[in-house]
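Here the structure is laid out as structure tokens; the discussion comes afterwards.
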Amino acid sequence: MPLDLGASAVTGMHVGSVYQLRQALGLDPPGTPVKVVEPYQMLGEIAPDLMDALGVDVVGLGGPRGFFGFENKDWKPWTLPDGTPVLVPGAFNTDPEPSGDILMYPEGDQSAPPSGRMPKGGYYFDAIVRQPPVDDAKLDVEDNLQEFGPISDADLAHFARGAEQLAGTGRAILANFGGTAFGDIALVPVPWLKHPRGIRDIEEWYVSTVARFDYVYEVFRRQCEIGLQNLERIHGAVGDRVTAVFITGTDFGTQSGPFISPAAYRKLYQPFHRRVNDWVHEHTRWKTFIHSCGSIVALLDDIVDAGFDILNPVQCSAAGMDPVTLKEKYGRRISFWGGGVDTQRTLPFGTPEDVRREVRERIEVFGRDGGLVFNTVHNVQANTPAANLVALYEAVRESRNGRE
């Protein structure tokens, strides 16, 4: 049973919790800061010594720039609202508002309109919508393709170097090359662009998938063509060093059920998911990874039919997402990457024994006959008790040792 922690932006841990875990494991002297490697969700670096301590089997390969468009370099000190010391990239430039909220800027450029907001006392950033009212007479598909284009030679070289370096770790590589997450609502507001055009408001985008179906479909069609061309070049650079590739993080579920019908998924999303998966399976040895939160059991037959190999985060607390049922029905058709413990209730609010019990139960169900990459249900949140974090990884180690 492989273990993932931090190989993607949806399988990581808040920097404050990384700090607490490192302290609990005795990896750092008190006050040693942890790097923020994904500023939007404020995810902490899972450094090699922590990977070794926990037995992590997967490393991540991502693009050279993060959610706000700047690189992870030129580190400088910063402090979380609770006083935890961290390091942030040099272009992590923020301004306080009178309310106590903190503003973030695309590419760290404080002369541009802010694209992110951390509420007073908060631990994460929210995207700021930056668009005037939509004028249907002036809508241009090109505007919603601003962020998509042929991969640059510099980015291609970045992926090639990264794949070669990570292959030397002996760990599996989960790559996110970007460009194939059709309608991922976290990306629609494009917080890394200084002056986005097109439909960028979250509510307006969701409405547009029905009210402006032809427009959105054409955006996806063009995006897919660009994405496949880029994947061809990327594969030529990284080869089959990559184990799995993050195709899409578009969320289709709420706590109580999907917010689109299976027919809507088949009409708008599945054609492009299938095209990407088919290309990957025909031309590479990569496995394909879909992330979708919430209750998506009503869509799983269609998601599997679209050709995905891996499902994440497997939100078992959502309606209908019963682990036993999921394993029995889909365990031979798709691998589960996640589902290991609930990060909404059990991990932050349960006792260490609650955590151990749930981890053991999930491993017993999802791990039977293989097909499980252990990870929590989405990222580990801020303020998770250190004792619960230790219990989590102790239970994983005990379960893995028991299977050897």
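Not measured: the values here are computed from a predicted model.
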*Step by step, would you call R360 with E353 a salt bridge (charged side-chain N to carboxylate O under 4.0 Å, His left out)?*
CA-CA 11 Å; R360 289 193 294 263; E353 187 50 42; 3.0 Å; yes
*What distance separates E358 CD from R345 CZ, expressed to the nearest 0.5 Å?*
10.0 Å
*Go through the steps for R357 and D354 under the test salt bridge (charged side-chain N to carboxylate O under 4.0 Å, His left out), then give the verdict.*
CA-CA 5 Å; R357 183 184 308 109; D354 292 333; 3.1 Å; yes
*With respect to F92, which candidate in F67, Y40, Y105, W78 satisfies the ring-ring contact (aromatic ring centres under 6.0 Å, His included) definition?*
W78
_Here's a test for you: under side chain to side chain contact (heavy atoms under 4.5 Å, CB included), which of D301, L311, T325, I303 qualifies with Y330?_
D301
*Without hydrogens or angle criteria, can the side chains of N375 and T11 be said to hold a donor-acceptor pair below 3.5 Å?*
no
*Where is the tightest heavy-atom contact between A167 and I173, given as atom of each residue plus distance?*
N-CD1, 3.8 Å
*Among F289, F220, F308, which residue meets the ring-ring contact (aromatic ring centres under 6.0 Å, His included) test with H273?*
F308
*When you measure from the side chain of R275 to the backbone N and O of C224, does any donor-acceptor pair fall under 3.5 Å?*
no
*asked:* Looking at K120, is its backbone amide N or carbonyl O close enough to the side chain of D101 to form a donor-acceptor pair, meaning the two atoms are under 3.5 Å apart?
replied: yes
_Whether the H281 and D309 side chains hold a donor-acceptor pair (N or O, under 3.5 Å, no angle test) is what I'd like checked._
yes
*Classify the ring geometry between F159 and F177 as parallel (under 30°), tilted (30 to 60°) or perpendicular (over 60°).*
perpendicular
_Between N379 and A9 (side chain of the first, backbone of the second, donor and acceptor by atom type, cut-off under 3.5 Å), is there such a pair?_
yes
_Exercise: identify the closest heavy-atom pair between I363 and L372_ = CA-CD2, 4.1 Å
_Short side-chain to backbone donor-acceptor contact, D95 and L103, under 3.5 Å_ = no
*Exceeds 12 heavy-atom contacts within 6.0 angstrom, atom CD of Q344*: yes
*Would you tell me whether H378 and N312 have side-chain atoms, one donor and one acceptor, within less than 3.5 Å of each other?*
no
_Candidate list R65, R200, R222, test salt bridge (charged side-chain N to carboxylate O under 4.0 Å, His left out), partner E147, passing option_ = R200
*N/O donor-acceptor pair under 3.5 Å between Y123 side chain and Q41 backbone*: no
*Listed by chain and number, what are the side chain to side chain contact (heavy atoms under 4.5 Å, CB included) partners of A318, not counting sequence neighbours?*
S295, Q315, M321
*K267 NZ: over 12 foreign heavy atoms closer than 6.0 Å*: no
*Kindly give the heavy-atom pair with the smallest separation between I334 and I310, and that separation in Å.*
CG1-N, 3.7 Å
*Please name the residue in the list Y217, F252, F213 that meets the ring-ring contact (aromatic ring centres under 6.0 Å, His included) test with Y269.*
F252
*asked:* Between E364 and K327, does the salt bridge (charged side-chain N to carboxylate O under 4.0 Å, His left out) criterion hold? Intermediate values first, please.
replied: CA-CA 11 Å; E364 179 61 30; K327 181 66 175 181; over 6 Å; no
